[in-house]
Novice: 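Quick one: structure below, then a few questions.
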There are 2 protein chains.
Amino acid sequence: MAGTSRDAARARTAQRILDAAREEFAAHGYKGATVRAIAEKAGVHPSLVMQHHGTKERLFASAARLPADDEQAAAEHVSDVLGARLDDLPPQTRALMRSMLTSPEAERAMRDHLDRRVLNLSASLEGDDAETRALLAVCGILGLTVARHFLKLEAFERISDDDLAAAASARFLTGKAGD
Amino acid sequence: MAGTSRDAARARTAQRILDAAREEFAAHGYKGATVRAIAEKAGVHPSLVMQHHGTKERLFASAARLPADDEQAAAEHVSDVLGARLDDLPPQTRALMRSMLTSPEAERAMRDHLDRRVLNLSASLEGDDAETRALLAVCGILGLTVARHFLKLEAFERISDDDLAAAASARFLTGKAGD
DNA sequence: GTCTATACGTGGATAGAC
DNA sequence: GTCTATCCACGTATAGAC
């Protein structure tokens, strides 16, 4: 009982550091984000970051973990995925995606995530080429996300979300859709 | 005359450094590649790298420049693009793509490149939604390239290049194609 | 117990020795 | 023309302040 407020304070500090880490990793990627900058944003000394989270790599693993992969991915419908990827991305997802090409850890997490997506989607499609079409859809959404949220291609400024979603659905989900 | 061999030797050294830089940038990205490792691979002292190419950023700009963007992109046909992205990537392209999410320099180069691609492609398509379809095609190829050559999704091991190219063409190039 | 100061090794970058 | 000496910022482990 007497230790509650002490532990709570420590937990709050750890959470502040985690939030700061998510923003920095999302903005600069794994290598680009510095422990010192994360500490400053959280208002603590750099050493405290290590004290709480062990190492920069473990901090990244905690900060960039995709939310509830197993249950969620299995239940998702294709239209949900298409819609979600056109909205703004949560910091966790941004952090993971921004580092997927430069951090082996992030690369593996992203590959596992997308492998599962392809399997789930191909199971909900029909025809001999179900897996090929599922792979194309997943890759298409990946490319759209990168181009829109990270590269910020100028064409996105001239095309409405509705037009884009409609065209993407028509192309990626021929015949049978997920909803 | 007397200075020719001296200059030639210096130029060869610069080229060796550039080749080593391309490999390192392609393998580890901008931040992950170190000047010291590039120097070692080229067989020279780290300071020589800076002497020749000024700064790590300028070295990256030289190493990751996409080949002959203006003339080539304008002349390319869609089928060429689709095919090329399914083959192995040259070190320059790999270096640029691997860093596009973590290096502002690479991000801008990639955005410019893809913006031009969208413009060129939409000009060769017909219909009101030409630009939307062009954007989808470019993003789809981008996603395929990332998923195949960097994330290495397992589905690619089970699907032949021909099947993939056929399905991609059918989906991305409806109606009128570029060739 | 919670946080801070300090020190070590490795990056990129510059100036100057050979 | 090539390499050494040096500087500052980074990640990280340690010891010490409150």
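All heavy atoms count here, side chains included; hydrogens, waters and symmetry mates do not. Order of the sequence lines sets the chain letters (A, B, ...), proteins ahead of strands, with each chain counted from 1.
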Novice: Return the value, rounded to whole Å, for the distance between atom CD of B/E24 and atom C1' of C/dG12.
Specialist: 15 Å
Novice: Quick one: B/F60 CZ to C/dG12 C1', roughly how many Å, whole number?
Specialist: 16 Å
Novice: Assess whether atom CD of B/Q15 is packed by more than 12 heavy atoms of other residues, nucleotides or ligands within 6.0 Å.
Specialist: yes
Novice: Between B/F25 (CZ) and C/dG12 (C1'), how many Å, whole number?
Specialist: 12 Å
Novice: Over how many whole Å does the gap from A/E40 atom CD to C/dT4 atom P extend?
Specialist: 13 Å
Novice: What string of B, S and - do you get for nucleotides 4-18 of chain D 5' to 3' if you count protein non-hydrogen atoms under 4.0 Å?
Specialist: B-----BBSB-----
Novice: Starting at atom NE2 of B/H53, determine the distance to atom C1' of C/dT14, rounded to an integer number of angstrom.
Specialist: 18 Å
Novice: Hey, are B/D115 and B/R108 close enough for a salt bridge, meaning a charged N less than 4.0 Å from a carboxylate O?
Specialist: no
Novice: Just to be sure I understand the rule, does A/H52 reach a base, reach only the sugar-phosphate, or reach nothing, if contact means heavy atoms closer than 4.0 Å?
Specialist: sugar-phosphate
Novice: Judged by atom type as modelled, is there a donor-acceptor pair below 3.5 Å linking the side chain of B/R98 to the main-chain atoms of A/L101?
Specialist: yes
Novice: Which ILVMFWY residues are connected to A/L119, directly or by a chain of links, through side-chain heavy atoms under 4.5 Å apart?
Specialist: none
Novice: If you look only at pairs with a residue in residues 21-32 of chain B, which of them pass as a salt bridge (charged side-chain N to carboxylate O under 4.0 Å, His left out), with sequence neighbours excluded?
Specialist: B/E23-B/K41, B/E24-B/K41
Novice: Is it true that B/D163 and B/R158 have a side-chain N and a carboxylate O under 4.0 angstrom from each other?
Specialist: no
